[in-house]
Amino acid sequence: MGIGVRYLGRIASTAVIALLLCAASAGAAKLRSLCEISYPSDSRIPWSCVKLKWGDTPQALFGDYWKDVLRFNRLDRRHFLGGAKVKVPKNLAQVRDFNPMPLTYPDAAKEPKFIMVDQAEMFLGAYEHGKLVYSFPIALGIQGKMVPNGNFRIDAADRRHQSNLYQVEEIGRPYPMHYGLRFWVDKSKEDWPTYWIHGRDLPGHPASHGCIGLYDEEMQYDYYRSYDRKVYRDKYRPLTRPFLEDAKTLYQWVVPAASDPGEFHKIKNGQPVLITGRPPT
């Protein structure tokens with residue numbers, strides 16, 4: 001649940017509360033074993049639990065499969081840290097182009113574009129006339145702050161969406177929620193909390209206060225580089241291109257460049273969004 005730098009509700013308090021609900025935990029996250037998290041698709045891919053060492057990188061450990069292993073763990077490179085435990089497929093070829101989403105969704109056959117979020121898999125699928133064209137790992141709400149299941153529709157977008165309440169790791173910049181796609185304003189509640197899909201960190205487990213997050217390593221490089229270098233010192237490994245940019249890819253799929261003003265704008269008859277499943281704990 002979230003709101004950008006512009007006020008989108010009726011009263012100022014609405015904006016503050018919506019931001020409070022949506023913002024990711026901006027402080028340093030505790031390392032959590034990703035081996036303890038179970039997804040329905042795990043049953044078809046044998047894996048081992050590996051504790052990472054400082055200096056390990058996905059590229060060095062997994063070669064051409066580095067992106068696939070990260071997708072399998074719903075993890076970005078900023079959280080690929082010494083001491084973390086991750087799932088490593090015993091046969092890396094089994095996770096090439098890893099995707100747990102259905103390749104077709106007949107119920108959306110009449111929709112030019114359709115978004116499905118499977119909270120049980122922590123994955124998002126983008127469909128054109130019922131056929132999968134993109135799939136992305138996601139971060140989603142923690143226990144008690146989960147996005148509700150149901151049918152929604154994209155009604156607003158903001159390429160440079162950001163918080164006007166939270167800052168990045170105490171370095172004085174507004175918390176970024178770039179490539180934001182709003183899909184619901186809950187008007188049944190007094191404060192009108194809002195729900196967005198946007199770029200953010202992906203730590204491999206539920207982490208937000210309601211929003212759905214996608215890879216945005218370009219944002220991480222721009223916003224977190226100085227902070228991470230200060231925290232990790234000689235253990236710091238800067239992000240290198242190509243960046244993981246799922247949030248940008250989905251945003252550009254939803255919002256044609258010719259119709260994007262580059263700031264918050266409403267969208268009429270936007271893409272349907274189906275939220276289903278229960279997040280892993």
Test item: Asp76 side-chain N/O and His79 main-chain N/O as donor-acceptor pair under 3.5 Å: yes
With Phe98 via ring-ring contact (aromatic ring centres under 6.0 Å, His included) - residues at least two apart: Phe72, Phe123
For Phe152, side chain to side chain contact (heavy atoms under 4.5 Å, CB included) partners two or more places apart: Pro148, Phe183, Trp184, Val273, Ile275
Asp158 side chain to Arg160 backbone, donor-acceptor under 3.5 Å: yes
Donor-acceptor contact below 3.5 Å, side chain Asn73 vs main chain Leu75: no
His161 and Trp196: CA distance, side-chain angles, deciding distance, side chain to side chain contact (heavy atoms under 4.5 Å, CB included) verdict: CA-CA 10 Å; His161 194 51; Trp196 293 74; 3.5 Å; yes
Partners passing ring-ring contact (aromatic ring centres under 6.0 Å, His included) against Phe114 (at least two apart in sequence or in another chain): Tyr105
Pairs involving residues 84-106, ordered by first then second residue, that meet salt bridge (Lys or Arg N to Asp or Glu O under 4.0 Å) (sequence neighbours left out): Asp42-Lys87
Nearest-0.5 Å distance that lies between atom CE in Met219 and atom CE in Met177: 10.0 Å
Summary of disulfide (SG to SG under 2.5 Å) pairs that have at least one residue in residues 95-125, sequence neighbours excluded: none
Over 12 foreign heavy atoms within 6.0 Å of CZ, Arg44: yes
Pair listing, salt bridge (Lys or Arg N to Asp or Glu O under 4.0 Å) test, anchored in residues 209-221, at least two apart: Arg77-Glu217
Pairs touching residues 37-144 that satisfy disulfide (SG to SG under 2.5 Å), sequence neighbours left out: Cys35-Cys49
Tyr221, OH: over 12 other non-hydrogen atoms inside 6.0 angstrom: no
Co-membership, hydrophobic cluster, residues Tyr39 and Val117, 4.5 Å side-chain: yes
Nearest-0.5 Å distance, SG of residue Cys211 to CD1 of residue Ile138: 11.5 Å
Working for side chain to side chain contact (heavy atoms under 4.5 Å, CB included), residues Phe80 and Asp56: CA-CA 8 Å; Phe80 199 86; Asp56 284 343; 4.1 Å; yes
Pairwise salt bridge (Lys or Arg N to Asp or Glu O under 4.0 Å) hits with a residue in residues 118-143, at least two apart: Arg74-Glu121
Linked, directly or transitively: Leu52 and Leu239 (ILVMFWY side chains, under 4.5 Å): no
Derivation of the side chain to side chain contact (heavy atoms under 4.5 Å, CB included) call for Val86 and Lys51: CA-CA 7 Å; Val86 301; Lys51 186 175 183 178; over 6 Å; no
Distance, nearest 0.5 Å, that separates CH2 of Trp253 from CD of Gln271: 6.0 Å
Partners meeting side chain to side chain contact (heavy atoms under 4.5 Å, CB included) with Ile267 (sequence neighbours left out): Ile154, Ala157, Val255, His265
Leu132 side, atom CG; Thr104 side, atom OG1 - distance, nearest 0.5 Å: 9.0 Å
Distance (rounded to the nearest 0.5 Å) between Tyr215 OH and Gln220 CD: 10.0 Å
Salt bridge (Lys or Arg N to Asp or Glu O under 4.0 Å) contacts in which one or both residues fall within residues 268-281, not counting sequence neighbours: none
Check: Gln119 side chain, Val147 main-chain N or O, donor-acceptor pair, under 3.5 Å: yes
Same cluster (ILVMFWY, side-chain, under 4.5 Å), Leu202 and Phe243: no
Salt-bridge contact Arg78-Asp228 (side-chain N to carboxylate O under 4.0 Å): yes
For residues 244-252, which side-chain N or O atoms pair as donor and acceptor with protein atoms under 3.5 Å away, sequence neighbours left out?
residue, atom, partner, partner atom, Å
Thr249, OG1, Glu245, O, 3.2
Tyr251, OH, Arg159, N, 3.2
Tyr251, OH, Asp260, OD1, 3.0
Tyr251, OH, Asp260, OD2, 3.3

From OH (Tyr127) to OH (Tyr134), nearest 0.5 Å: 14.5 Å
Partner residues of Ala93 under the side chain to side chain contact (heavy atoms under 4.5 Å, CB included) criterion, sequence neighbours left out: Tyr65, Asn91
